[in-house]
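Beneath this line is the structure, given in structure tokens, with notes to follow.
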Amino acid sequence: MARYSRITGTGSYLPPDRITNDQLAARLAECGVETSDAWIFARTGIRARHFAAPDVASSDLASEAARRALDAAGLMPSSIDLIIVATSTPDMIFPSVACIVQDKLGIHGCAAFDLQAVCSGFVYALTVADAMIKSGSASRALVIGAEVFSRILDFSDRTTCVLFGDGAGAVVLEASDKPGLLASDLHADGKHVGILCVPGHVSGGGVLGRALLTMDGKAVFKLAVSVLESSARTVLQKAELSEADIDWLIPHQANIRIMESTARKLNVPLDKLVVTVDEHGNTSAASIPLALDVAVRGGKVRLGDTVLLEGVGGGFTWGAILLDF
Ligand code: UT7
């Protein structure tokens, strides 16, 4: 019998400190950086974001999201045989966040590793987990996106620091005889490394170079709009489905203008677009599983719906997954 993978539970976690645009603008004004709720909302659709407390790491957010996904799937942590964490803000250089999460959940022995594809990380991680399940090397995977981007923001750069937030989302992906992950499409083009990066690195016990996020927003915007449409069309073609079959579009939550433009190009009505960027900001690899969980718990995404997930970000990386949820 053919072997496929299906999502059987979702979960998410946001740190409790919710910062509105007005609150952020007031904090930035104290350092002479000028911005406003009006500018941020009009250009991005963001109203608020959550920031983790200084002693909270990606693994803390990831573990909580994973516990909620396990509860939703009705599974004990011990039944998990693969953990993949998509993150660009790991707790430490090594070991991986996945190993730390494994320990926090009390799981022992299963494969666990991080995957780094920035804001496309969750789409990459889910694709890898699906392949490992199909090949028989795993049967029950935790796939998590977790980030503390507040740690790598330059709060003197108003063009980037207003955009990002912290959070985590997780799914349980299980082997099944019925296809859940219908098609996937992944890409990268390293020639665009410089348009979105944190160029600093650790050497000789110190940090060399700038360890803060740098972005050419306009270049990212232009590329994002074009690749999201082409990747969506590729997965639809692979699954032999059409735009009209999409019940829910869940793109990476970076900017409402990019998301709505993608929906329009795909003829997906805006009421089928899942939007959490207003409340979460851009949480990088966490944004898609966070949005998926909000849509599931909010009664939007239901069993059997056709859901299109789309990631895009640093690398430059991008990709899409079509799900029979
Ligand atoms: O997760 C990876 C994916 N990342 C993305 O998808 C981000 C993609 N890019 C974007 O979302 C948008 O390019 C931004 C939201 C970053 C910027 O929006 P924009 O419409 O491209 O604005 P802009 O860069 O053209 O800036 C317009 C004006 C500038 O002023 P001048 O030169 O016209 O006088 C900026 O200095 O807005 C100014 N500005 C701000 N003003 C108030 C830039 N940031 C701010 C700010 N508050 N925070």
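We count ligands from 1, going down the list as the structure has it; atoms in each ligand are counted the same way.
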Taking only heavy atoms of [X] into account, list the atoms of ligand 1 that are under 4.0 Å away from them.
X: Asn282; value: 1 (O), 2 (C)
X: Lys218; value: 13 (O), 21 (O), 23 (P), 25 (O)
X: Arg257; value: 18 (O), 20 (O)
X: Val162; value: 48 (N)
X: Thr44; value: 15 (C)
X: Met215; value: 4 (N), 7 (C)
X: Ala254; value: 3 (C), 5 (C), 6 (O)
X: Cys119; value: 1 (O), 2 (C)

* **Residue pairs, two or more places apart or on separate chains, that pass side-chain hydrogen bond (donor to acceptor under 3.5 Å, both in side chains) and touch residues 304-316** =>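 Matches after skipping sequence neighbours: Trp248-Asp305.
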
* Asked: Which distance, rounded to the nearest 0.5 Å, do you find between the OG of Ser231 and the CG of Leu186?
  -> 7.5 Å

* Say you draw a straight line from SG of Cys161 to CG of Asp154; how long is it, rounded to the nearest 0.5 Å? -> 7.5 Å

Can you confirm whether some protein heavy atom lies under 4.0 Å from [atom], or whether none does?
atom: atom 33 (O) of ligand 1; value: no
atom: atom 29 (C) of ligand 1; value: no
atom: atom 46 (C) of ligand 1; value: yes
atom: atom 39 (N) of ligand 1; value: yes

* **Among Thr283, Val198, Leu213, the one residue meeting side chain to side chain contact (heavy atoms under 4.5 Å, CB included) with Phe149** => Leu213

* To do: Determine, step by step, whether Cys110 and Leu82 satisfy the side chain to side chain contact (heavy atoms under 4.5 Å, CB included) criterion, reporting the C-alpha distance in whole Å, the side-chain angles of both residues, the deciding distance to 0.1 Å, and the verdict.
  => CA-CA 6 Å; Cys110 76; Leu82 171 66; 5.8 Å; no

* According to the ring pair (Phe, Tyr, Trp, His ring centres under 6.0 Å) rule, which pairs have a member within residues 177-228, sequence neighbours left out? -> His187-Trp318

* To do: Test Arg6 against Glu174 for salt bridge (Lys or Arg N to Asp or Glu O under 4.0 Å), laying out the working first.
  => CA-CA 5 Å; Arg6 290 189 73 80; Glu174 292 193 65; over 6 Å; no

* **Nitrogen or oxygen atoms of Gly217 and ligand 1 under 3.5 Å apart** => yes

* Backbone or side chain, does any N or O of Ser36 fall under 3.5 Å from an N or O of ligand 1? ->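 No; the residue has no nitrogen or oxygen that sits under 3.5 Å from a nitrogen or oxygen of the ligand.
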
Would you call [X] and [Y] a salt bridge, using N to O less than 4.0 angstrom?
X: Arg47; Y: Asp37; result: yes
X: Asp247; Y: Lys300; result: no
X: Glu64; Y: Arg67; result: yes

* For ligand 1, indicate whether the residue Ile40 contacts it via side chain, backbone, both or neither (heavy-atom separation under 4.0 Å). =>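 Contact part for Ile40 vs ligand 1: neither.
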
* Is ligand 1 under 4.0 Å from a heavy atom in the side chain of Leu196, in the backbone, in both, or in neither? ->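 Within the 4.0 Å criterion, Leu196 contacts ligand 1 through side-chain atoms alone.
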
* If you draw the axis of the six-membered ring of Phe325, does the NZ or CZ of Arg302 fall within 45° of it and under 6.0 Å from the ring centre? -> no

* Can you name the one residue among Arg233, Lys272, Arg264 that meets salt bridge (charged side-chain N to carboxylate O under 4.0 Å, His left out) with Glu243? ->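 Testing Glu243 for a salt bridge (charged side-chain N to carboxylate O under 4.0 Å, His left out) against Arg233, Lys272, Arg264 leaves exactly one candidate, Arg233.
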
Which option, [options], owns the non-hydrogen atom nearest [atom]?
atom: atom 3 (C) of ligand 1; options: Val220, Leu223, Thr160; value: Val220
atom: atom 6 (O) of ligand 1; options: Leu228, Asn255, Ile258, Ile256; value: Ile258
atom: atom 20 (O) of ligand 1; options: Arg43, Lys222, Gln253; value: Arg43

* Asked: How close does the nearest protein non-hydrogen atom get to atom 36 (O) of ligand 1, and which residue and atom is it?
  -> Arg158 NH2, 3.2 Å

* Asked: Where is the nearest protein heavy atom to atom 37 (O) of ligand 1: which residue, which atom, and how far?
  ->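 For atom 37 (O) of ligand 1, the nearest protein heavy atom comes out as Trp39 NE1, 3.0 Å.
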
* Asked: Asp324 and Lys178: salt bridge (Lys or Arg N to Asp or Glu O under 4.0 Å), yes or no, with the steps?
  -> CA-CA 9 Å; Asp324 175 342; Lys178 186 169 177 262; 3.7 Å; yes

